Amino acid sequence: MDFDIVMKELESLGKERIKKTYISNGAHEPLFGVATGAMKPLSKIIKKNQPLAEQLYATGNYDAMYFAGIIADPKAMTEADFDRWIEAAYFYMLSDYVVAVTLAEADIAQKVADKWIASGEELRMSAGWSCYCWLLGNRKDSEFNADKLASMLDQVKITIKDAPERTKSAMNNFIYTVAISYVPLHEKAVETAKAVGPVEMMRDKKKSSILHASENIQKELDRGRLGFKRKYVRC
């Protein structure tokens, strides 16, 4: 399938109701309003196609950008490629659920995520912390440096309440993910969550959200999910 055919297919899958939902969460035109599940049959036909993914991502169309993440070949992408993608990610559904997810399957994931976390820019930081969540929820514990992750937990404890809004959410998810998916630091993550307590996240044109890492951790523990790892990062 070439670029024009894929764009027509995506447009045909668009739903006005879903489009309105995406816009309410920060998306803007152009977009079609395609449910992520509706993209799966198309992705199974195309599989990985980095050149096509680049064409789609460059459109600025939210649905095309999301689909680009599904068919991208992360191991073929360079640090410069990921920097270009995060530059174009204009709201959190792109930064945290397209770019961060794609980066999590790349060999350079931690290197790039570390740089973004240190950037001081809201969506880059959010993507960096989110990338670690995707990594920890999928890769073996042995692939991570426990001292480094412990230091990151300390960083979150000190800075989360003064962090940019979307970054707060990603940092909160990091505490939760370490507690559930990285067993060596389970206890430290639980202690960190208790020390942080509730975190208020302000949202544009919506009521603020209260983030409770401790409550979410306990819910997963009650379900027997300690040590949970997902089989796949991307759809």
Side-chain angles (χ1 to χ4, degrees), residues 36-37 39-40 43 46-50 52-54 56-57 62 64-119 121-146 148-153 155-156 166-185 189 213 216 220 225 227-235:
T36 55
M39 296 180 180
K40 287 186 178 181
S43 68
I46 298 172
K47 298 180 181 179
K48 290 182 181 178
N49 187 325
Q50 188 60 31
L52 178 56
E54 292 290 358
L56 292 169
Y57 198 84
Y62 170 67
M65 295 171 84
Y66 193 99
F67 189 66
I70 295 175
I71 66 168
D73 181 359
K75 295 184 183 300
M77 295 178 69
T78 65
E79 184 174 341
D81 291 329
F82 283 111
D83 283 339
R84 179 163 40 78
W85 277 38
I86 194 63
E87 181 67 29
Y90 63 86
F91 79 124
Y92 78 96
M93 289 175 69
L94 288 169
S95 62
D96 296 12
Y97 297 100
V98 177
V99 184
V101 172
T102 306
L103 176 61
E105 290 195 3
D107 295 334
I108 58 174
Q110 291 192 50
K111 175 186 176 183
V112 175
D114 289 344
K115 181 179 72 173
W116 290 351
I117 288 171
S119 71
E121 298 178 29
E122 182 172 13
L123 292 183
R124 276 181 168 79
M125 294 168 71
S126 180
W129 289 107
S130 293
C131 181
Y132 268 97
C133 294
W134 296 111
L135 286 167
L136 290 162
N138 171 254
R139 299 192 184 186
K140 295 178 181 178
D141 288 349
S142 59
E143 293 188 34
F144 302 93
N145 183 301
K148 176 183 178 180
L149 293 179
S151 177
M152 293 172 72
L153 283 172
Q155 180 183 349
V156 170
R166 286 311 318 179
T167 309
K168 287 179 182 176
S169 178
M171 293 171 107
N172 182 76
N173 287 337
F174 177 78
I175 301 172
Y176 158 84
T177 306
V178 174
I180 297 302
S181 295
Y182 188 73
V183 176
L185 289 179
N216 292 334
E220 292 301 285
R225 302 257 286 182
F228 169 76
K229 301 284 185 180
R230 64 179 71 245
K231 189 173 182 180
Y232 301 106
V233 178
R234 291 185 294 171
C235 296

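In this text the structure is predicted, and so the values were computed from the model without any measurement.
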With [X], which residues qualify under side-chain hydrogen bond (donor to acceptor under 3.5 Å, both in side chains), at least two apart?
{"X": "Y97", "result": "none"}
{"X": "D96", "result": "S126, S130"}
{"X": "K47", "result": "none"}

Inset, instruction - Evaluate side-chain contact (heavy atoms from CB on, under 4.5 Å) for Q155 paired with W129, printing each intermediate quantity in order. - result: CA-CA 11 Å; Q155 180 183 349; W129 289 107; 3.9 Å; yes
Inset, instruction - Could you pull out all residues at least two apart from K231 that satisfy salt bridge (charged side-chain N to carboxylate O under 4.0 Å, His left out)? - result: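 By the salt bridge (charged side-chain N to carboxylate O under 4.0 Å, His left out) rule, K231 matches no residue at all.
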Inset, instruction - Please name all residues satisfying salt bridge (charged side-chain N to carboxylate O under 4.0 Å, His left out) with E54, sequence neighbours left out, ordered by chain then number. - result: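 Applying salt bridge (charged side-chain N to carboxylate O under 4.0 Å, His left out) to E54 gives R84.
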Minimum heavy-atom distance [X]-[Y], with the two atoms named:
{"X": "A109", "Y": "C131", "answer": "CB-SG, 4.1 Å"}
{"X": "V99", "Y": "A89", "answer": "CG2-CB, 4.1 Å"}
{"X": "D141", "Y": "S181", "answer": "OD1-O, 3.2 Å"}
{"X": "T78", "Y": "D81", "answer": "N-OD2, 2.9 Å"}
{"X": "V98", "Y": "G69", "answer": "CG1-CA, 4.0 Å"}
{"X": "M65", "Y": "A88", "answer": "CE-O, 3.6 Å"}

Legend entry - Steps toward side-chain contact (heavy atoms from CB on, under 4.5 Å) verdict (W116, M125): CA-CA 5 Å; W116 290 351; M125 294 168 71; over 6 Å; no
Contacts of type side-chain contact (heavy atoms from CB on, under 4.5 Å), residue [X], not counting sequence neighbours:
{"X": "D73", "result": "K48, Q50, K75, A76"}
{"X": "K140", "result": "S142, E143"}
{"X": "E122", "result": "P164, E165, R166, T167"}
{"X": "E121", "result": "S119, R124"}

Rounded to the nearest 0.5 Å, what separates atom [atom1] in [X] from atom [atom2] in [Y]?
{"X": "M152", "Y": "L185", "atom1": "CE", "atom2": "CG", "value": "11.0 Å"}
{"X": "I180", "Y": "E220", "atom1": "CD1", "atom2": "CD", "value": "5.5 Å"}
{"X": "I175", "Y": "C133", "atom1": "CD1", "atom2": "SG", "value": "9.5 Å"}
{"X": "L123", "Y": "E87", "atom1": "CG", "atom2": "CD", "value": "10.5 Å"}
{"X": "I71", "Y": "N49", "atom1": "CD1", "atom2": "CG", "value": "5.5 Å"}

Do [X] and [Y] come close enough that some side-chain heavy atom pair is under 4.5 Å?
{"X": "E79", "Y": "D83", "answer": "yes"}
{"X": "L153", "Y": "V156", "answer": "no"}
{"X": "F144", "Y": "L136", "answer": "yes"}
{"X": "E105", "Y": "N138", "answer": "no"}

Mind checking ring-ring contact (aromatic ring centres under 6.0 Å, His included) for [X] and listing every partner two or more places apart, or none if nothing turns up?
{"X": "Y57", "result": "W85"}
{"X": "F228", "result": "none"}
{"X": "Y176", "result": "none"}

Inset, instruction - Given side-chain contact (heavy atoms from CB on, under 4.5 Å), test M39 with I70 step by step and report yes or no. - result: CA-CA 9 Å; M39 296 180 180; I70 295 175; 3.9 Å; yes
Inset, instruction - Scan side-chain atoms only and decide if Y132 and N173 contain a donor-acceptor pair under the 3.5 Å cut-off. - result: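 No pair is found: no donor N or O on one side chain lies under 3.5 Å from an acceptor on the other.
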Legend entry - Identified side chain to side chain contact (heavy atoms under 4.5 Å, CB included) counterpart of Y66 within the set V101, T36, L56: T36
Legend entry - Heavy-atom neighbours of K229 NZ exceed 12 at 6.0 Å: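 More than 12 within 6.0 Å, yes.
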Legend entry - Criterion side-chain contact (heavy atoms from CB on, under 4.5 Å) on F82 and I86, from CA distance to verdict: CA-CA 6 Å; F82 283 111; I86 194 63; over 6 Å; no
Legend entry - Any donor-acceptor N/O pair, N172 side chain to S169 backbone, under 3.5 Å: no
